[in-house]
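One structure is given here, and the rest of the page talks about it.
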Protein chains: 2
Amino acid sequence: MARILVVEDDPNIRELLQYNLEKEGFEVRTAEDGQKGLEEIETKWPDLVILDLMIPYRDGLEICRIMRSKRELAHIPVIILTAKGEEIDRVLGLEMGADDYVTKPFSTREIIARVKALFRRVQTIEKTDEEVLIRGRLTINIENYEVTLGEKKVDLTHKEFQLLYLLASRPGKVFTRDFLLEHIWGYEYLGDSRTVDVHIRHLRQKLEDDLIETIRGVGYKFIE
Amino acid sequence: MARILVVEDDPNIRELLQYNLEKEGFEVRTAEDGQKGLEEIETKWPDLVILDLMIPYRDGLEICRIMRSKRELAHIPVIILTAKGEEIDRVLGLEMGADDYVTKPFSTREIIARVKALFRRVQTIEKTDEEVLIRGRLTINIENYEVTLGEKKVDLTHKEFQLLYLLASRPGKVFTRDFLLEHIWGYEYLGDSRTVDVHIRHLRQKLEDDLIETIRGVGYKFIE
DNA sequence: ACATAAACTTAACAATTCGATAACTGGATA
DNA sequence: TATCCAGTTATCGAATTGTTAAGTTTATGT
């Protein structure tokens, strides 16, 4: 199972995290300050690091920066813990390469969910890092934005391409209209969800009718 | 739409929350003390609970702890309301498994934003957690919205799928018609309870007769 | 900066599927 | 045996999606 390092000076939170993460089946190590944490990271290469921002000796951001500068540590995902007031450093943290933030106080469920989500993201990114998606007769080339069906090249618009790519990235999975709107159109989009239908229609016309299946009352899915 | 339970003894805040959440399209129920709140939670399984910390009979943390210890309630997100002076033991609160905290006085916009954020978080993170339910020869894939019996794929409608999923999520547990109506059809639904029978009938036809058992005078259960 | 084309959104209407209800039947229970 | 509860079926209306076209925005090249 995945190995997680928790770098946190407050023993209560440290134990709370350790207890709950181990209950989820992760292997957990802890360090109580930045110096020890960094040593652990450099010698043990954990699979994920949870870093409190305010810790003695070396703070979270510094550790993050050091990790990102070393080739063998650069890929390790990092979750930063911040107290409620410290949210100013968010931008700085992003620059330092943290992958997620959790503001204290947090629920254990939340942090576990985020750990899992992060692992999932890393896994799927590593998997889908290939620029070409092949699904039967369909080929989706992300790099040069090209789609071919059999031998024929298919011209898609930007939205159509995004929609197809998202659906085809997980064949079989049902995507609700809301989910599609949120991910392609953005969180703040306040529009008709019928818009999705129209784009689906266009995709079906340009490709084949039965590539995208309608799940009535739920959404759409790319056939497996 | 999602069903929210507000447990709060102050009638002003209770109504304020109810009014504003309903305006946002949520279905809202209220309880004025911990005992009634807990009953409502256990019998109705709301989709989210807003809990005042200081309420008569059973306080918020106790309810939270009870919820987390019961399998069918453990996943329900909880927002805790605290008065400004109340210094909650943070770690205790975290262990109890609340998902978010709001300090009184709060603005309605804030609480609505948090409710929505929490739903979004839970949806995107938790739903991908347990995607497949296996019950003997029956397989229920939530992500793909697919049901197979043995090797055969079974086409279910939305309502049928929801019904089967709920029943199969706790084999052996008897669900009353009222519970099923409130949980799947919504708090507001005022209809014939024969409706449930018809959908059960359809499920039995599409699957096997003896998967869903009738408990005369009570309701239905999925066989263990 | 402008004209033009392309892409996107919205609206309206058609087609289809689904679900609620009523009414009747059958069986269990007291 | 009477009564109550669940099973069953067909039908109608409602909800969802498909489809087309017109209107609006955005992008592109000159």
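These figures come from a predicted structure and were not determined experimentally.
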Would you say D:dT16 has OP1 or OP2 under 4.0 Å from some side-chain N or O of A:Tyr220?
no
Counting just side-chain N and O atoms, does B:Arg204 come under 4.0 Å of either OP1 or OP2 of D:dG7?
yes
Distance-only donor-acceptor test (3.5 Å): side chain A:Arg216, base D:dT16:
yes
Among A:Val174, A:Ile200, A:Ile223, A:Leu211, find the one that has a side-chain contact (heavy atoms from CB on, under 4.5 Å) with A:Leu167.
A:Ile200
Between B:Arg194 and C:dA23, does any side-chain N or O lie under 4.0 Å from OP1 or OP2?
no
Exercise: do A:Thr214 and A:Arg204 side chains pair donor with acceptor under 3.5 Å
yes
For A:Asp192 and C:dA12, what is the distance between atoms CG and C1' respectively, to the nearest whole Å?
12 Å
For a quick check of understanding: with a heavy-atom distance under 4.0 Å over all strands, which category does A:Thr214 fall into, base, sugar-phosphate or nothing?
sugar-phosphate
Do we get A:Lys159 above A:Phe161's six-membered ring, with its NZ or CZ under 6.0 Å from the centre and within 45° of the axis?
no
With a 4.0 Å cutoff (strictly under), does any side-chain N or O of B:His199 reach OP1 or OP2 of C:dC18?
no
For A:Lys159 and C:dA6, give me the distance from atom NZ to atom P, rounded to whole Å.
18 Å
Residue-phosphate contact under 4.0 Å: A:Trp185 side-chain N/O, C:dT9 OP1/OP2
yes
Measure up the B:Phe175 and B:Trp45 rings against each other and bin them: parallel (under 30°), tilted (30 to 60°), perpendicular (over 60°).
perpendicular
In whole angstrom, give the distance that lies between atom NE2 of B:His202 and atom C1' of D:dA6.
15 Å
Provide, to the nearest angstrom, the distance between the CD1 atom belonging to A:Ile200 and the P atom belonging to D:dT19.
12 Å
Whole angstrom is fine here: how far is it from CD in B:Glu213 over to P in D:dG7?
11 Å
Looking at D:dA21, D:dT8, C:dA20, which one has an atom nearest to any side-chain atom of B:Arg201?
D:dT8
Quick one: on DNA chain C, does A:Thr157 or B:Val196 contact a more 5' nucleotide (nearest heavy atom)?
A:Thr157
Reckon A:Thr195 has a side-chain N or O less than 4.0 Å from the OP1 or OP2 of C:dT9?
no
Separation of C:dC8 P from A:Leu156 CG (nearest whole Å):
10 Å
Roughly, in whole Å, what's the span from CD in A:Gln205 to P in C:dC8?
15 Å
Measure CG/B:Asp210 against C1'/D:dG7 and give the value in whole Å, please.
16 Å
Of all the heavy-atom pairs spanning B:Arg58 and B:Ile63, show the shortest one and how long it is.
O-CD1, 4.1 Å
